[in-house]
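This is a predicted model, so every value here is computed, not measured.
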Amino acid sequence: MTAELVIVALGALCLGAGLGGAFVHRLGRRAASGGDAASPAGLTPLELPLPDAVANVGERLEMALDATGAAVWDADLVAGTCWWSETFPRMLGYADTPAMPFDFWEKRLHPEDRERVLAHIAAHLAGETTSYDYDYRMRREDGGWMWIAAKGRAFRDGTGRVVRYAGIMTDITEARRQAERLRASEERLLKIMQATPIAVNVTTRDGRWLFCNAQSVHLLGRDHAELMRTPTPQLYADPAERAALIARFDREGPFRDAEIRFRKPDGGVVWTLSSWDQIELDGEAALLTWLYDITDRKSAEATSTRAREEAERALGELRAAQESLIQAETMASLGQLVAGVAHEINTPIGIALTAASHIGEQAQMLNDRFAGGTLRKSDFTDFLAGLGEGVRLLMANIDRAAALVQSFKQVAVDQSSGDRRVFDLGGYVAEILFSLRPRLKRTRLTVALDCAEDLTMDSYPGALGQVLTNLVINAVLHAYPDGGAGTIRIAAQPDGPDRVRIDFLDDGAGIPPENLSKVFEPFFTTKRGQGGSGLGLHIVFNTVTGPLGGTVAVQSWPGRGTRFTLHLPREAPVALSTPAVEAALP
């Protein structure tokens, strides 16, 4: 096929009118046979009459072409004629069929498409392709551009010569716009997926990669090509996790926030928070997964767990040390009690010993005089008088010592054993105060007890004794720091049918407001290095809220004194309750 024939064929495509009253244009024979292309002046329009049946077919064809937005052409290269359907000029926006010279079609080709389209036609007419199918842009009557899809082929005679050239053109402008919008939308979506800080992946159920974004490449520590070659199960720290996730997806459908571990090439583990869904990509069902890196969070959690475990271990050691200190404080208090009682017993025991010794001496003198025959009635009378006084002194002081021992024994047993028993509250508090007399004798303090009669408790007297002892010692050390005179009052009364209230009041220095909320804290003291351990009131709090099952509150008025108020059940709980902190009262 020569270039001249291509020009003639293109001219034929651009000329002619429609079937209904159509014009058929004859091309110059010379052009059809391979000579020079015919000029527009050499084209002779010829009116052809058509049978009615053919006219009906033409009408139907025009209707079908109008409905589908298409146009048809048929070029007879031997006869030198070309026919266009009337829908072609209408496709271009013409209301009436315009004059269509030989370059009508070619001049409307988009400059960027012209060379490609002409080369495509030339290649087909030259026999290089069996058919043609191409898209191009053509200028409309209003100057705008439309997209046309052209399909057709050339027909050859027995010698291989091209004798006919026919095809169909379809307006695909809207389809191209839709495709362009879709392409732009896909590009935007791809850019968003690539830019998102969350790893986005599309994989098949058998582990093949269909898509991954840049964050996936960064997260999993592999370049894009290597990652796309690696089956996804090999990326999991435990491949069984993926099988479990697929089973979960089959069971539950889309899910979120699954914690998954991946293994990086260097052996490091990446923790991710994963969400799963299903998607169709290029007609293939696939799994859509999002991965959010939580490695730092998991590391912080592990650090926090280790820190918590270390803190709990340290707290356990601190509590053990605290218990030891509390036990030591309790034993020290008991030791002070022993020392005080021992000192107190020395006096009556010494008097009793002196009285017994005097009686012995008088009896020996009486015996000597009787043996020597010098015993007189007055001597015997004097001996009897002295004997009676000595016995009285001896009995009085032995009774006093016995009372001290009995009081000490009960208090000591209660404080050391922690046994539970029924006791009279007033009598027991009196015993506690009696055992503290040696400590109080060195002060100028008076202790007044006001307790309701027949107020019994089924509780732990040793624990209560420890509480009252610590409150007394605390008052001696802090309420009257300079050894001043004062009065401590202890009042006990029923608090409803099942509870008692014990008020411990002093008229000493009081507690500063900034220290009031700290008095029950362990090791808090204002007398560090002066005999204060900071455990006295902490023991009071733990004992009252623990074995005694009650509450303790404190009120203070600086310069006017302090009140500790204990609310205790008359029947202590069987199990040790968790201490309940009661706020310090203003």
Side-chain angles (χ1 to χ4, degrees), residues 112 116 133-137 147 149 151 170 172-299 301:
E112 295 179 2
R116 172 179 59 83
D133 183 352
Y134 53 90
D135 299 344
Y136 57 87
R137 285 164 288 181
W147 275 95
K151 295 183 180 180
T170 306
I172 60 168
T173 304
E174 185 59 30
R176 289 295 296 240
R177 288 173 181 166
Q178 292 284 359
E180 180 61 25
R181 284 195 290 266
L182 179 60
R183 183 193 62 79
S185 177
E186 290 176 347
E187 286 184 356
R188 287 195 299 270
L189 178 59
L190 182 61
K191 289 180 179 179
I192 292 171
M193 293 173 67
Q194 289 289 2
T196 181
I198 299 177
V200 182
N201 308 306
V202 181
T203 61
T204 60
R205 292 175 67 91
D206 60 3
R208 289 184 297 108
W209 285 91
L210 301 181
F211 171 81
C212 69
N213 67 350
Q215 184 63 19
S216 296
V217 172
H218 173 73
L219 180 69
L220 299 175
R222 292 167 169 83
D223 61 42
H224 186 271
E226 180 187 359
L227 186 60
M228 295 296 287
R229 291 193 305 266
T230 307
T232 53
Q234 296 181 15
L235 300 172
Y236 284 72
D238 181 1
E241 287 187 9
R242 187 175 190 271
L245 290 169
I246 291 179
R248 177 182 173 184
F249 184 78
D250 292 340
R251 184 174 62 254
E252 303 176 9
F255 60 84
R256 300 176 59 190
D257 299 341
E259 293 188 353
I260 305 173
R261 297 172 301 150
F262 289 96
R263 183 78 63 183
K264 299 181 75 171
D266 60 4
V269 172
V270 178
W271 277 94
T272 66
L273 203 61
S274 178
S275 298
W276 283 48
D277 207 333
Q278 191 164 333
I279 192 175
E280 185 174 308
L281 185 64
D282 297 331
E284 184 174 10
L287 297 171
L288 173 63
T289 59
W290 297 268
L291 303 176
Y292 181 73
D293 189 353
I294 58 170
T295 305
D296 291 342
R297 193 194 80 184
K298 296 297 288 187
S299 176
E301 287 178 357

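- A distance of 6.5 Å separates CG in L291 from CG in L220, rounded to the nearest 0.5 Å.
- Remark: side-chain polar atoms of T295 are not paired, donor with acceptor, to backbone N or O of V270 under 3.5 angstrom.
- In plain terms, the two heavy atoms of W209 and L235 that are nearest each other are CZ2-CD1, 3.5 Å.
- Within a 6.0 Å radius of OH in Y292, other residues, nucleotides and ligands contribute 12 heavy atoms or fewer.
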Starting from the C-alpha separation in whole Å, work towards a yes-or-no answer on salt bridge (Lys or Arg N to Asp or Glu O under 4.0 Å) for R181 and E174.
CA-CA 10 Å; R181 284 195 290 266; E174 185 59 30; 3.1 Å; yes

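- Atom CD of E259 and atom OG of S274 lie 11.0 Å apart (nearest 0.5 Å).
- A distance of 7.5 Å separates OG1 in T272 from OH in Y236, rounded to the nearest 0.5 Å.
- Using a cut-off of 4.0 Å between Lys/Arg side-chain N and Asp/Glu carboxylate O, R229 and E226 are scored as not salt-bridged.
- In this structure a side-chain-to-backbone donor-acceptor pair under 3.5 Å is missing from T203 to R208.
- Cation-pi geometry between R248 and F255 is satisfied (NZ or CZ under 6.0 Å from the ring centre, within 45° of the ring normal).
- For the atom pair E252 CD and L245 CG, the distance stands at 10.0 Å (nearest 0.5 Å).
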Could you go through S216 and N213, starting from their C-alpha distance and side-chain angles, then the distance that decides it, and tell me whether this counts as side chain to side chain donor-acceptor pair (under 3.5 Å)? CA-CA 5 Å; S216 296; N213 67 350; 3.1 Å; yes

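- The structure places CZ of R263 at 13.5 Å from CD of Q234, a figure rounded to the nearest 0.5 Å.
- Atom CZ of R251 sits in a crowded spot, with more than 12 heavy atoms from other residues, nucleotides or ligands closer than 6.0 Å.
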- Task: Could you go through the side chain to side chain contact (heavy atoms under 4.5 Å, CB included) check for Q215 and I198 one step at a time?
- Result: CA-CA 6 Å; Q215 184 63 19; I198 299 177; 5.7 Å; no

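- The structure places CD1 of I172 at 3.5 Å from CG of D135, a figure rounded to the nearest 0.5 Å.
- Of the charged side-chain nitrogens involved, none lies within less than 4.0 Å of a carboxylate oxygen, so that R176 and E180 do not count as a salt-bridged pair.
- Of all heavy-atom pairs between R242 and R205, the closest is NH1-O, 3.0 Å.
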Dump the intermediate steps for side chain to side chain contact (heavy atoms under 4.5 Å, CB included) on L288 and F211, then the final yes or no.
CA-CA 9 Å; L288 173 63; F211 171 81; over 6 Å; no

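- Contact detail for T204 and L287: the closest heavy-atom pair is O-CD1, 4.5 Å.
- K264 approaches G221 most closely through the heavy-atom pair CE-CA, 4.0 Å.
- The two residues C212 and M228 have their closest heavy-atom pair at SG-SD, 3.8 Å.
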